[in-house]
Number of protein chains: 2
Amino acid sequence: MSITVSKSAFRRLPGYLNYLYHKKSQGFSTISATVMAEEMNINSVLVRKDLASTGTVGRPKSGFKVDELIRNIIEMLGYNNSSEAVLVGAGQLGRALLSYGEFESHGVKIIAAFDTDQEVCHTEINEKKVFPLEQLPRLVSRLRVPIGVIAVPAGVAQDICDKLVDAGIQAIWNFAPVHLQVPETILVQNENMAASLAALSQHLKRNQMGWRA
Amino acid sequence: MSITVSKSAFRRLPGYLNYLYHKKSQGFSTISATVMAEEMNINSVLVRKDLASTGTVGRPKSGFKVDELIRNIIEMLGYNNSSEAVLVGAGQLGRALLSYGEFESHGVKIIAAFDTDQEVCHTEINEKKVFPLEQLPRLVSRLRVPIGVIAVPAGVAQDICDKLVDAGIQAIWNFAPVHLQVPETILVQNENMAASLAALSQHLKRNQMGWRA
DNA sequence: TAGATTGTTAATCGATTAACAATC
DNA sequence: TAGATTGTTAATCGATTAACAATC
């Protein structure tokens, strides 16, 4: 399996997957890239290329088999073999993430959380234990957890990040609004809500002012 | 003010802003694009172009004034004149979003929430009232709220989306893992956590297998 | 067969990077 | 002045789109 996908194509795959689940639930067993493209507002050649990148081949006239596409996209996205993660910061956002049941089916399984607040330590949220922050280095390195989720205030995020890196983490999912400094081999995936918010307000401003894209 | 910024440049601005706040707190009054680029792992020409896109001019040798950059980026991102929003779906995620205090300083002010659950209706979360879903059309159209935040399960997201659009919303911030169908004039900003998760697992898989980018 | 749809090759577009002159 | 740093112009790179032949 040495199929390569561009980063941008990769980001569209989850969207296709949702769409395909929806179509499947409506009873479709095949789907054409043309229809997909139209309904998803994406260029049809792009859709065909993206689908081809998953290793699926379609048939002229009938299109692609829905089940096969779903299987291949799941495979591509790594949803079927999930990696373990720890979450740091059991505040409002952290608790929401812990309670959100969908991560595991998306390739990431949160196995424990850490916090400095004595009140939440040793409690459980959605069956995940919250440990005192001091125990992070020992637990993470012993269990070889590959993913760290940062849901702490901006001011302490870099500090937590360093601790995770020292403990041997390989990828970080960062919800704190800061640019984290990490060694090159470590992936930081920023959940960039600030950028989303900015895009929203810009859209509104443009509309108000009658600007053009 | 008719400065145009590419979408990709726009997405980097919040990062620069965080970085600049950090530098300012350390006592820096000027900063060079060269240093910024190095510390943020971005190409320095790109940084200079991005900063130029905010209308800020630097001086050879000394660089840019931190305060001026901060002012201009905030202006560009629309953080200083926030738009009102309503949130639909006061579940775990919805409540976390309601409790998260940072949106207002990022240009979006959530003024109310809606839910179908009788138990949460008429309660307050972080001083925001939760109304029964039935009242959405009337309230949103009467108050001319421009932004709708969707934090409901995937199955009902399109339905909620349609209601928001009918009520005259202009932009949607979508946390549900579905591709929403909207008229062309409406912006949908997807908070694409599934894509982030996929990127994380792909990074891990590649590292394990010794693949190259 | 005729027509819809795939998949590929070439053209375009936009964003990033390289090279370099201008300037404090 | 010398050197760091800006800002601009040209080159490169990657992703998207257009054109079209292949095929069910």
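Note on naming: letters A, B, ... go to the chains in the order of the sequence lines (proteins, then strands), and numbering restarts at 1 for each one. Computed from a prediction, not measured in an experiment: that's the story for all the values here. Any value given below was found using the heavy atoms of this structure, including those in side chains, with hydrogens, waters and symmetry copies removed.
Listed nucleotides dT5(C), dT17(D), dT17(C) differ in distance to Leu46(B); the shortest reach to its side chain belongs to dT17(C). Side-chain atoms of Ser8(B) lie closest to dA15(C) of the nucleotides dA15(C), dA18(C), dC24(C). Side chain of Phe64(A), nearest nucleotide from dC24(C), dG3(C), dT6(C): dT6(C).
Across all strands shown, Ala9(B) has no heavy atoms under 4.0 Å from either base or sugar-phosphate atoms.
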Determine whether Leu180(B) and Cys161(B) satisfy the following criterion, side-chain contact (heavy atoms from CB on, under 4.5 Å), listing intermediate values before the conclusion. CA-CA 7 Å; Leu180(B) 298 172; Cys161(B) 174; 4.0 Å; yes
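For dA15(D), neither phosphate oxygen OP1 nor OP2 lies less than 4.0 angstrom from any side-chain nitrogen or oxygen of Arg11(A). At least one side-chain nitrogen or oxygen of Arg12(B) sits closer than 4.0 Å to the OP1 or OP2 atom of dT16(C). OP1 or OP2 of dT6(C) lies within a sub-4.0 Å distance of a side-chain N or O belonging to Thr34(A). The side chain of Ser62(A) places no N or O atom within less than 4.0 Å of a non-bridging phosphate oxygen (OP1 or OP2) of dT5(C).
A salt bridge links Lys23(A) to Glu39(A): at least one charged side-chain nitrogen sits closer than 4.0 Å to a carboxylate oxygen. Between Lys163(B) and Asp159(B) there is a salt bridge, since at least one side-chain N of the basic residue sits less than 4.0 Å from a carboxylate O of the acidic one.
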Dot-bracket for DNA chain D, please, read 5' to 3', with Watson-Crick or G-U wobble pairs under 3.5 Å on both distances, ( ) within the strand, [ ] crossing, | other strand, . unpaired. ..||||||||||||||||||||||
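Using cut-offs of 30° and 60° on the angle between ring planes, the pair Trp173(B) and Phe103(B) is perpendicular.
Screening Val140(B), Val130(B), Leu87(B) for a side chain to side chain contact (heavy atoms under 4.5 Å, CB included) with Phe114(B), the sole residue that qualifies is Val140(B).
Residue Lys49(B) places no side-chain atom within donor-acceptor reach of the base of dT6(D), judged by atom type and a 3.5 Å distance cut-off alone.
Between His106(A) and Tyr79(A), the distance from one ring center to the other falls under 6.0 angstrom.
Positionally, the nearest nucleotide of DNA chain C for Lys7(B) lies more toward the 5' end than for the other of Lys7(B) and Arg59(B).
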